[in-house]
Number of protein chains: 2
Amino acid sequence: MGRRRALEYDCAIRDVLDRIGDAWSVLVIMELSKGPCRFNALRRVIEAISQRMLSVTLRNLERDGLVSRQVLDTSPPQVEYSLTERGASLHGAISHLAHWAETHQPGIRTSRAAYDAKEPIAS
Amino acid sequence: MGRRRALEYDCAIRDVLDRIGDAWSVLVIMELSKGPCRFNALRRVIEAISQRMLSVTLRNLERDGLVSRQVLDTSPPQVEYSLTERGASLHGAISHLAHWAETHQPGIRTSRAAYDAKEPIAS
DNA sequence: CCGTATCCGTTATGATACTG
DNA sequence: CAGTATCATAACGGATACGG
């Protein structure tokens, strides 16, 4: 079967990872932590994201109360997204992990290279 | 295309989430943080994990230098897994996120319920 | 401008069977 | 006990076209 929800496992951390473990949520949260942003503006910044995935990602974040959606009453209707207080606090927790990642990335890359060297593609 | 590596995005946090974002890595790290454990013992504890996924998960964690693998010279050969120092430090970073998750889970569930109530399955 | 709906290829993963 | 190989399948995500 697919990957998601392999186990409910009433573990709070799973709830969070199911949300931010995907490819885009973290990037969106990071971007919104700089300030409110409109849909297409986000698209331009994250550029590689498809319209569909940005839409899905934002909807999920909004559903969890991490992002708020504000429809502006302008001539071409605009929609502005921003982090809620909860989203901002999550951003803090993520930053902690991001700091760990930056600190250990060199070591991890070294480990990977060493591991791969021992197990060549062909046997 | 598939889900993984939608964007390389030279962002260290992605490297970490690509590793621990999956369903099992966090559970394995959590379990090993309690102390060394053998393969089938892990299987029993995490119970819902398939043999294949435990194998794959452990291999990836080992590749990143987060887990060490020790073959014991016993009659039926046994293999003991344990967190490396790096793995232990990641566990610390995860714990921080886990704490956030536990703190905010009730609020998130409330938000989800409210959101879903507004958008019924049938329109 | 801001999305949603559909189609469809790619990938992750469980089941099963087999090896050391 | 501790894995690996193969297969089938469900889920993910991009492209595209359309709607508000």
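Letters go in sequence order (proteins before strands), and every chain restarts at 1. Values below: every heavy atom of this structure, side chains too, minus hydrogens, waters and symmetry copies.
Candidate nucleotides C:dC1, C:dG3, C:dA17 were compared by shortest atom distance to the side chain of A:Q51, and C:dG3 ranks first. Comparing atom distances between the B:P76 side chain and each of D:dT6, D:dG14, D:dC1 picks out D:dC1 as nearest. Among the nucleotides C:dC2, D:dG3, C:dT4, the one closest to any side-chain atom of B:V79 is D:dG3. Distance from the side chain of B:Y81 is smallest to D:dG3 among C:dC1, C:dG14, D:dG3. Closest to the side chain of B:R44, out of C:dG3, D:dG14, D:dC1, is D:dC1. Of the candidate nucleotides C:dG3, D:dC1, D:dG14, D:dG14 has the atom nearest to the side chain of A:M53.
The separation between A:R19 atom CZ and D:dC12 atom P is 11 Å, rounded to whole Å. Atom CG in A:N40 sits about 14 Å away from atom C1' in C:dT4, given to the nearest Å. Rounding to whole angstrom units, CD of residue B:Q70 and P of D:dC1 are separated by 19 Å. A straight line from CZ of B:F39 to P of D:dT4 spans 8 Å, rounded to a whole angstrom. Whole-Å rounding puts the B:R43 CZ to D:dT4 C1' distance at 13 Å. Between the CG atom of B:D18 and the C1' atom of C:dA12 there is a distance of 13 Å, given to the nearest Å. Computed from coordinates, the B:E80 CD to D:dC1 C1' distance equals 14 Å when rounded to whole Å. Remark: C1' of D:dG3 and CZ of B:R52 are 12 Å apart, rounded to the nearest angstrom.
Partner of B:T57 under the side-chain contact (heavy atoms from CB on, under 4.5 Å) criterion, out of B:V28, B:V26, B:L27: B:V28 alone.
Residue A:S55 places no side-chain N or O under 4.0 Å from the OP1 or OP2 atom of C:dG3. Between B:W24 and C:dG14 there is a side-chain polar atom (N or O) within less than 4.0 angstrom of OP1 or OP2. Using a 4.0 Å cut-off, no side-chain N or O of A:R38 falls inside it from OP1 or OP2 of C:dC1. OP1 or OP2 of D:dT4 lies within a sub-4.0 Å distance of a side-chain N or O belonging to B:R59.
With values rounded to the nearest 0.5 angstrom, B:I46 atom CD1 is found 11.0 Å from B:R43 atom CZ.
Contact check on A:K34 versus A:E31 returns a salt bridge, with a Lys/Arg side-chain nitrogen under 4.0 Å from an Asp/Glu carboxylate oxygen. With salt bridges taken as basic N to acidic carboxylate O contacts below 4.0 Å, none links A:D64 and A:R59.
Heavy atoms of B:R69 sit under 4.0 angstrom from primed sugar atoms or phosphate atoms, though from no base atom.
Judged by distance alone, the side chain of B:T84 and the main-chain N or O of B:S68 form no donor-acceptor pair under 3.5 Å.
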